[in-house]
Participant: 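Before I ask anything, let me first share the structure, which is written out below as structure tokens.
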Amino acid sequence: MTTRVIIVDDQAMVRAGFAALLAAQSGIEVVGDAPDGVQGVELSRRTHPDVVLMDVRMPEMDGLEAARQLLDPPPGVLHRPKVLMLTTFDVDDYVYEALRAGASGFLLKDAPPGDLISAVRVVAAGEALLAPSVTRRLIADFARRRPAPRKGRAALRLKGLTPRETEVLELIARGLSNQEIATALIVAEQTVKTHVSRVLAKLALRDRAQAVIFAYESGLVTPGEQ
């Protein structure tokens, strides 16, 4: 199965370099590129890619707003691609907001070529790109610089989880992988995967990255906890 990709970045050399690298890979097809968010959204609506590589800072419309429009489309627009944010900084306020909006992760622009290829494949498969430990570091760092968690509605949504599902969510937010959670709870890894799927479904979250954010914002975990 071929993964269709578009690249949205205001630097022509970045677009050309990424396109050449990805087009050379089996199972990946680059179906277009755009220099800003406005054209990126239009291109995505027209070409229906599986994955959008989206720069954070661009003219006309930045990557955050473009990601929001793609991930929360207006009525009548059914296509919602996976969005992978491209950034120069490993901890970026815009990246945090993009993850909250439903982006599947972020990738540094100067990452090795192999990381870009792997990132596209991981995101296309429906997984969050961020390794659990990286997710935790990103969200915890940003949470330290934000006001106290908004516990109202989020706390009410937590009540819909079973005690075991709440426990799994907390362990996700602490940076544990499914295998590590299975070891901690003395259950099969497949059981953990089932719990994770139910947590995401009950909380209406797209992926693991959003689950971590929700755990912080609901007050289930706080920065600095071990």
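Because the structure is predicted, anything quoted here is derived from the model rather than measured.
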Participant: For the pair F18 and L86, evaluate side chain to side chain contact (heavy atoms under 4.5 Å, CB included) and give the outcome as yes or no after the intermediate values.
Facilitator: CA-CA 11 Å; F18 283 9; L86 301 172; 3.7 Å; yes

Participant: What is the minimum heavy-atom distance between A19 and I7, and which atoms define it?
Facilitator: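 Looking at all heavy atoms of both residues, the closest pair is N-CD1, 3.4 Å.
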
Participant: Taking F214's backbone N and O only, do any of them form a donor-acceptor pair with S218's side chain (distance below 3.5 Å, no angle check)?
Facilitator: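 Pair found, side chain donor or acceptor close to backbone of F214.
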
Participant: Look up atom OG1 in T47 and atom CD in E42, then write down how far apart they are to the nearest 0.5 Å.
Facilitator: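 It comes to 8.5 Å.
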
Participant: Locate the shortest heavy-atom distance separating S104 from V123; write the atom from each residue and the value.
Facilitator: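 Reported closest heavy-atom pair: CB-CG1, 3.8 Å.
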
Participant: To the nearest 0.5 Å, how far apart are CG in D33 and CG in L43?
Facilitator: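 Rounded to the nearest 0.5 Å, the CG-CG separation comes to 7.5 Å.
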
Participant: For the atom pair CD (E165) and OG1 (T194), what is the distance rounded to the nearest 0.5 Å?
Facilitator: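 Answer rounded to 0.5 Å: 10.5 Å.
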
Participant: Applying side chain to side chain contact (heavy atoms under 4.5 Å, CB included), run through I172 and V212 and close with a yes or a no.
Facilitator: CA-CA 7 Å; I172 290 173; V212 175; 3.9 Å; yes

Participant: Quick one, V120 with L53, criterion side chain to side chain contact (heavy atoms under 4.5 Å, CB included). Give me CA distance, side-chain angles, the key distance, then yes/no.
Facilitator: CA-CA 8 Å; V120 169; L53 296 179; 4.2 Å; yes

Participant: If we check side chain to side chain contact (heavy atoms under 4.5 Å, CB included) with T162, which of these qualifies: K202, H195, R198?
Facilitator: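 For T162, the side chain to side chain contact (heavy atoms under 4.5 Å, CB included) check succeeds only for K202.
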
Participant: Taking all non-hydrogen atoms of both residues, which atom of M85 and which atom of A103 are closest, and how far apart?
Facilitator: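 That closest heavy-atom pairing would be CG-CB, 4.0 Å.
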
Participant: Any non-hydrogen side-chain atom of L158 less than 4.5 Å from a side-chain atom of L169?
Facilitator: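 Answer yes - side chains close enough.
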
Participant: Output the distance between atom CD1 (I181) and atom OG1 (T191), rounded to the nearest 0.5 Å.
Facilitator: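 The CD1 atom of I181 sits 12.0 Å away from the OG1 atom of T191.
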
Participant: Heavy atoms only: give me the nearest L205-A211 pair and the separation to one decimal.
Facilitator: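 Looking at all heavy atoms of both residues, the closest pair is CD1-CA, 3.6 Å.
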
Participant: Is D62 close to R57 at the side-chain level, that is, under 4.5 Å between some pair of heavy atoms?
Facilitator: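 SC-SC contact between R57 and D62 ruled out.
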
Participant: So, for S177 and E180, which heavy atoms are closest and what is the spacing to 0.1 Å?
Facilitator: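 So the two residues come closest at N-OE1, 2.9 Å.
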
Participant: Looking at D36 and M61, would you say the former's side chain and the latter's main chain have a donor-acceptor pair under 3.5 Å?
Facilitator: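 Looks like no, no N/O pair under 3.5 Å.
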
Participant: Do the non-hydrogen side-chain atoms of S44 and H79 ever get within less than 4.5 Å of each other?
Facilitator: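 Yes; the side chains approach each other to less than 4.5 Å.
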
Participant: Go through the steps to decide whether L185 and L171 satisfy the test side chain to side chain contact (heavy atoms under 4.5 Å, CB included), and finish with yes or no.
Facilitator: CA-CA 10 Å; L185 300 181; L171 293 175; 4.0 Å; yes

Participant: Taking C-beta and beyond as the side chain, do L108 and T87 meet within less than 4.5 Å on heavy atoms?
Facilitator: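 Side-chain contact under 4.5 Å: yes.
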
Participant: In the structure I gave you, are the side-chain heavy atoms of D72 and R80 within less than 4.5 Å of one another anywhere?
Facilitator: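 Answer no - side chains too far apart.
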
Participant: When rounded to the nearest 0.5 angstrom, what is the spacing between NE2 in H48 and CD1 in I6?
Facilitator: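 If I round to the nearest 0.5 Å, the distance is 10.5 Å.
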
Participant: With the side chain counted from C-beta on, respond yes when V41 and L70 share a heavy-atom pair under 4.5 Å apart, and no when they do not.
Facilitator: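 Yes, close enough: below the 4.5 Å cut-off.
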
Participant: Under a 4.5 Å cut-off applied to non-hydrogen side-chain atoms, are E60 and D10 in contact?
Facilitator: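 Not in contact.
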
Participant: Salt bridge (Lys or Arg N to Asp or Glu O under 4.0 Å) between E167 and R164: does it pass, once the steps are laid out?
Facilitator: CA-CA 5 Å; E167 189 174 17; R164 177 46 61 92; 3.0 Å; yes

Participant: Check E29 against T2 and note the closest heavy-atom contact, atom names and distance.
Facilitator: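 Between these two residues, the closest heavy atoms are CB-CG2, 3.6 Å.
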
Participant: Measuring from M54:CE to L84:CG, what's the distance to the nearest 0.5 Å?
Facilitator: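 It comes to 10.5 Å.
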
Participant: Is any side-chain heavy atom of I28 closer than 4.5 Å to a side-chain heavy atom of R121?
Facilitator: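 Yes. Closest side-chain heavy atoms under 4.5 Å.
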
